[in-house]
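Input: a single structure, listed below in structure tokens.
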Amino acid sequence: MKLKILVTPGDGIGPEITEQAIAVLKEAVQAGGHTLQLDYKRIGGVAIDHDGTPLPADTLAAALDSEAVFLGAVGDDKFNSLPPSKRPEIGLLQLREALGGYANLRPVFAFHELTDNSPLRPEIIDGADIMFVRELLGGLYFGKPREWDHAKGEAWNTMRYTRDEVARVARTAFQLAQHRRKHVTSVDKANVLEVSQMWRDTVNQVARDFPDVTVEHQFIDAMSMHLMKRPRDFDVVVTENMFGDILTDEASVITGSLGMLPSGTIGGKVNLYEPAHGSAPKHAGKNIANPLATILTGAMLLRHSFELEAEADAIVRAVRKVLERGFRTQDLVRTHAEGLTVLGTREMGEKVRETVEKQLLTASS
Ligand code: IPM
Ligand code: MN
């Protein structure tokens with residue numbers, strides 16, 4: 001099979017981390033006789049610089065014409081004074097909207113080897129394994145009206161959902177739970193917001209179609225606390241767009257680093273894969289960024305867009321193995337412990353690629 005993928009490396013550390021992830025992907029699929037048919041396009045700040053717009057028309061066309069989009073990161077401090085409508089981030093939001101994927105899956109699991117790197121105690125996080133389902137096309141990010149009325153000195157955004165928008169993402173969450181520990185936690189602010197009350201009511205309706213899955217509701221404020229105190233109690237967590245944005249950055253503390261959090265967005269015309277972290281402009285070009293979130297994002301792409309389960313598993317296993325052998329990027333070392341070797345972005349990517357290669361060689365011999 002030919003995997004037709006559009007790569008949009010984007011800004012900051014985006015190009016370095018996607019380069020490593022693509023090398024790992026190539027290695028993982030070739031043993032099965034598959035090839036990557038790659039196209040590269042600009043998005044975000046680099047696109048503003050070259051094309052005058054964060055989402056050039058040829059990038060969008062190529063994205064819609066691909067089987068999966070693999071994105072690095074967007075954003076650069078030099079655009080900080082611009083309004084949201086002109087910033088690099090709007091290119092990503094427009095791409096998400098055009099591709100139509102509404103369920104952003106962000107798996108958070110504590111690699112045993114990295115528990116020491118988390119500020120949380122090992123006995124709290126060891127074994128934690130949560131699948132966040134962040135609604136990605138509605139809520140506070142996309143609701144209208146939205147405006148900063150400079151003359152009036154007033155600004156507003158709108159948290160808006162339709163029942164259908166809530167129901168479809170809830171269904172994704174319940175389906176995922178059926179293949180996991182059969183528990184869904186829906187997060188809202190139903191003690192204050194009407195939109196959350198409808199969210200909760202809709203989730204309860206959908207839950208009736210999944211009698212084998214238990215459902216609980218948490219308020220976003222309480223959930224932020226429970227996540228740090230008892231992360232192992234959660235299986236699938238489904239929530240509004242911005243609540244999900246915030247909760248998943250918080251949850252990355254469980255994994256030891258934001259550099260470990262992959263993501264994939266499904267449900268639309270073309271699935272979109274991007275690490276959950278940002279473009280980290282201050283780390284760009286220094287060969288210090290952690291490519292593992294992006295490499296794990298590649299595994300999600302193989303799984304969710306091409307059903308290459310064995311290849312996806314090989315990548316996850318290789319990441320685990322490399323960590324077991326004591327290899328770390330600098331963000332994964334809190335205090336320098338004996339037996340750890342700190343690697344650069346390229347060297348870490350190469351270690352994982354090599355490990356995938358060895359695994360697949362052994363498997364086929
Ligand atoms: C993320 C990022 C994006 C978001 C930004 C870059 C627009 O923070 O993917 O979590 O807020 O969705
Ligand atoms: Mn975010």
Side-chain angles (χ1 to χ4, degrees), residues 8-15 17-18 21 42-48 53-55 59 63 69-80 82-108 130-143 146 157-159 169 187 220 223-224 227 237-255 257-268 271-284 289-290 293-294 296-297 300-301 331:
T8 50
D11 303 319
I13 59 171
I17 55 179
T18 43
R42 285 188 287 269
I43 193 168
V46 286
I48 296 180
T53 169
L55 182 63
T59 303
V69 177
F70 196 66
L71 182 133
V74 297
D76 193 300
D77 295 338
K78 74 179 186 203
F79 301 105
N80 281 352
L82 296 179
S85 62
K86 299 217 156 54
R87 292 172 60 108
E89 288 84 348
I90 193 75
L92 173 56
L93 297 176
Q94 287 167 345
L95 179 65
R96 287 176 180 169
E97 198 173 17
L99 297 182
Y102 51 84
N104 177 223
L105 315 186
R106 298 189 161 186
V108 168
I130 308 173
M131 176 62 88
F132 283 89
V133 182
R134 168 187 175 193
E135 199 293 326
L136 204 66
L137 288 189
L140 205 43
Y141 272 56
F142 286 93
R146 56 180 301 163
N157 289 88
T158 307
M159 191 187 282
V169 75
V187 180
I220 177 70
M223 183 64 185
S224 313
L227 201 53
V237 176
V238 61
T239 191
E240 189 268 346
N241 202 342
M242 180 169 271
F243 293 164
D245 180 45
I246 298 171
L247 269 190
T248 51
D249 264 35
E250 188 198 12
S252 77
V253 171
I254 298 165
T255 71
S257 168
L258 192 50
M260 294 302 295
L261 212 63
S263 110
T265 302
I266 62 170
N271 293 344
L272 170 64
Y273 299 89
E274 42 174 329
H277 60 67
S279 56
K282 67 174 189 292
H283 297 322
N290 181 353
T294 317
L296 292 167
T297 297
M300 291 187 78
L301 175 149
D331 57 307

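Predicted, not measured: the structure shown is a model, and the values here were computed from it. Just follow the structure's listing: the first ligand is 1, and inside any ligand the first atom is 1.
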Going through the distances and angles, do F132 and L227 end up as a side chain to side chain contact (heavy atoms under 4.5 Å, CB included)? CA-CA 12 Å; F132 283 89; L227 201 53; 3.9 Å; yes
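Of all heavy-atom pairs spanning F79 and P88, the tightest one is CD1-CG, 3.3 Å. Between E274 and S263, the closest heavy-atom pair is O-OG, 2.9 Å.
The immediate protein surroundings of ligand 1, defined as residues with any heavy atom under 4.0 Å of it, consist of E89, R96, R106, R134, Y141, D245, A276.
A donor-acceptor contact shorter than 3.5 Å is absent between the side chain of T255 and the backbone of A251. Distance alone, capped at 3.5 Å, places no donor-acceptor pair between the D76 side chain and the G12 backbone. With T59 contributing its side chain and L55 its backbone, the two residues share no donor-acceptor pair below 3.5 Å.
Protein atoms of type N, O or S found under 2.8 Å from the Mn ion (ligand 2) total 1.
Taking R106 as the reference, nothing meets the salt bridge (charged side-chain N to carboxylate O under 4.0 Å, His left out) condition, with sequence neighbours excluded.
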Under 3.5 Å, which donor-acceptor pairs link side chains of residues 237-245 to any protein atom two or more places apart or in another chain?
residue : atom : partner : partner atom : Å
T239    : OG1  : V187    : O            : 3.0
E240    : OE1  : M242    : N            : 2.8
E240    : OE1  : F243    : N            : 2.9
E240    : OE2  : L140    : N            : 2.8
N241    : OD1  : R134    : NE           : 3.0
N241    : OD1  : R134    : NH2          : 2.9
N241    : ND2  : L136    : O            : 3.2
N241    : ND2  : G138    : O            : 3.1
D245    : OD2  : Y141    : OH           : 3.0

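How far CG of N80 is from CG of D77: 5.0 Å, rounded to the nearest 0.5 Å.
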